[in-house]
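Got a structure for you, written out below as structure tokens; questions coming shortly.
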Amino acid sequence: MATQRLTEYERKRIENIKRNDELLASLNIKSKLSDLSTSAKRQRSEAKSYKLSPEKKARSQTPIVIRRSLRTQGKSPDSAGLKDDFTEPPKNSTTLKSQVSPNKSARELGPISMRDSNVCSEPDEPLVNKILSVCRESGLEDGGGDRKCRVRVRARASVDLEAMELAPENVARVVPNRILSVKFFPSADLKMVVVGNKFGNLGFWNVDSENEDGDGIYMYHPHPAPVSAILIHPFSLNKVITSCYGGRVRSLDVEKETFGLVYSTEDAIFSMSQQHGDVNSLYIGEGHGVVNVWDERSARSSFSWELHDSRINTIDFNPENTNMMATSSSDGTACIWDLRKLGKTKPESLKVITRERAVHSAYFSPSGGLLATTSLDDKIGVLSGANYEDEFMINHNNQTGRWLSSFKGVWGWDDSYIFVGNMKRGVDVVSTEQKRLVTTLESPHLTAIPCRFDPHPFIPGMFAGATSGGQVYIWS
DNA sequence: GCTTGAATTACGCGA
DNA sequence: TCGCGTCCATTCAAGC
């Protein structure tokens with residue numbers, strides 16, 4: 001009787017769970033998983049802290065508490081045969097591509113359920129329920145995906161830098177290894193970050209998880225290669241779009257609990273963005289300098305432009321004039337484009353900024369009046385003026401080397417400050433008024449170099465930093 | 001002009 | 001606590 005009342009979706013899910021149980025039983029690894037699970041719980045409650053070098057100990061008398069699950073330590077349950085190609089990479093693997101099994105195509109080109117890609121000991125339900133409840137409270141049950149609207153995508157406010165603090169409970173290791181992208185859910189009712197790492201893992205951390213059983217950290221493996229970008233639109237909180245070096249764009253539908261495939265290409269995807277008022281078009285930076293505009297509803301490419309000679313590291317839109325797009329590239333330039341003039345012909349940029357080395361980011365300020373660039377020639381540049389004709393530059397060590405994600409200077413909540421990583425374990429803050437570095441956010445709890453950042457768009461002062469060791473730090 | 005190889009650096013893990 | 005392995009970033013130089 002009860003089964004009859006189930007929806008088709010629920011029935012399929014139960015069947016899926018049954019299938020997995022049978023598989024686990026046949027492989028006799030259920031007991032192993034349970035051992036690992038209890039071990040992970042033990043680890044979380046007993047052995048939370050990292051060991052510190054003497055130098056680091058000198059900076060702090062209090063132990064640093066880092067929440068970490070077994071999975072985030074890179075120790076996966078012995079799930080050979082359980083999750084196909086979605087296991088952790090073998091320790092001696094030399095390339096990321098080599099970790100993918102030959103039967104990848106069917107799996108990689110279809111939708112992947114959250115359950116199948118879950119690689120942590122936490123169930124999906126608390127995460128799904130939390131996101132959906134915020135959607136309901138915000139009146140976004142339908143996801144708002146069809147809305148083409150002019151929205152304010154972030155709060156504007158001036159922030160007292162002195163008041164920004166890093167509390168020890170706001171430090172966590174969310175995924176193993178190097179984080180390439182970090183994004184807050186754009187809702188004032190949700191303090192949740194999403195991070196993507198080198199292995200293609202997607203980590204969710206609900207910072208307000210006191211009422212939950214676990215530590216509020218969830219990890220999935222929807223991609224086989226580094227996650228290059230994460231997009232969440234304020235009117236589509238139940239949709240998390242991610243791109244990866246493997247040439248795939250997936251969209252997590254929280255309601256359906258599935259990572260659907262949105263776009264696929266042979267080329268690596270290094271960057272992805274959306275116009276602030278249009279949730280249906282994805283601007284995808286792929287291969288050696290191509291921007292492809294993908295229309296999600298018609299599932300076809302509406303434009304494809306060759307804008308650079310090398311990989312495009314960032315794509316950004318002017319918040320006040322969404323026809324104005326900025327790109328940064330490893331060809332040593334950053335460009336501003338007018339989308340109305342980018343037809344199908346050879347593109348011509350409004351402005352070209354040339355640097356001596358690769359440019360890793362070019363972001364418009366919250367007002368759209370300034371453009372900040374970060375490049376490997378150790379410069380942070382700020383363009384201003386009606387046509388961005390004025391520029392000042394400051395020297396800044398951007399040599400992150402091979403093992404760290406490159407630095408990208410990001411804007412805070414107004415045009416006053418740019419935040420950028422510091423090789424001495426801090427966050428440098430550049431004032432656009434004083435045209436110099438004014439302060440560095442430091443903390444004894446900051447035990448690694450933060451490379452990638454995201455300010456909470458609706459909670460001024462809340463700022464996430466992510467490292468190449470999988471840690472996330474949240475200043476508030 | 002193209003390919004190949006060397007050199008660079010921070011971090012986590014295991015002994 | 002120390003040393004090893006990492007290896008999808010980038011630049012430069014050497015060799016063809």
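If you're wondering where the values come from, they're calculated on a predicted model, not measured in any experiment. In the text below, chain A, chain B and the rest are named by the order of the sequence lines, each starting its count at 1.
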For atom CD of Glu266(A) and atom C1' of dC8(C), their distance in whole Å:
16 Å

Length of the line joining Met423(A):CE and dT8(B):C1', which is rounded to integer Å
10 Å

Less than 4.0 angstrom between a side-chain N/O of Ser330(A) and OP1 or OP2 of dT10(C), yes or no?
yes

Asn422(A) has an atom CG; how far is it from atom P of dT9(B), in whole Å?
16 Å

Thr447(A) and Tyr473(A): side chain donor to acceptor below 3.5 Å:
yes

Would Trp403(A) count as stacked on dT6(C) if the rule is ring centres under 5.5 Å and plane angle under 30°?
yes

Give me the atom names and distance for the closest heavy-atom approach of Val182(A) to Ala464(A).
CG2-CB, 4.2 Å

note: Asn197(A), atom CG; dA10(B), atom P; distance rounded to Å ~ 21 Å

OP1 or OP2 of dG12(B) versus the side-chain N and O atoms of Gln471(A): is any pair under 4.0 Å?
yes

Under a 3.5 Å threshold, yes or no: a donor from one side chain and an acceptor from the other, between Thr400(A) and Ser406(A)?
no

Looking at Lys198(A), does any N or O in its side chain come under 4.0 Å of the phosphate oxygens OP1/OP2 on dC7(C)?
yes

Under 4.0 Å between a side-chain N or O of Arg311(A) and OP1 or OP2 of dC8(C)?
no

Taking all non-hydrogen atoms of both residues, which atom of Ala448(A) and which atom of Gln471(A) are closest, and how far apart?
CB-OE1, 4.2 Å

Roughly how many Å is it from CZ in Arg357(A) to P in dT10(C), rounded to a whole number?
11 Å

N/O (side chain, His360(A)) to phosphate O (OP1/OP2, dA9(C)) under 4.0 Å
no

Atom CD1 of Ile179(A) and atom C1' of dC11(B): how far apart are they, to the nearest Å?
13 Å

Interatomic distance where CZ belongs to Arg248(A) and C1' belongs to dC8(C) [whole Å]
16 Å

Check whether any side-chain N or O of Arg402(A) sits under 4.0 Å from OP1 or OP2 of dA6(B), and answer yes or no.
no

Contact under 4.0 Å: Arg425(A) side-chain N or O vs dC11(B) OP1/OP2:
yes

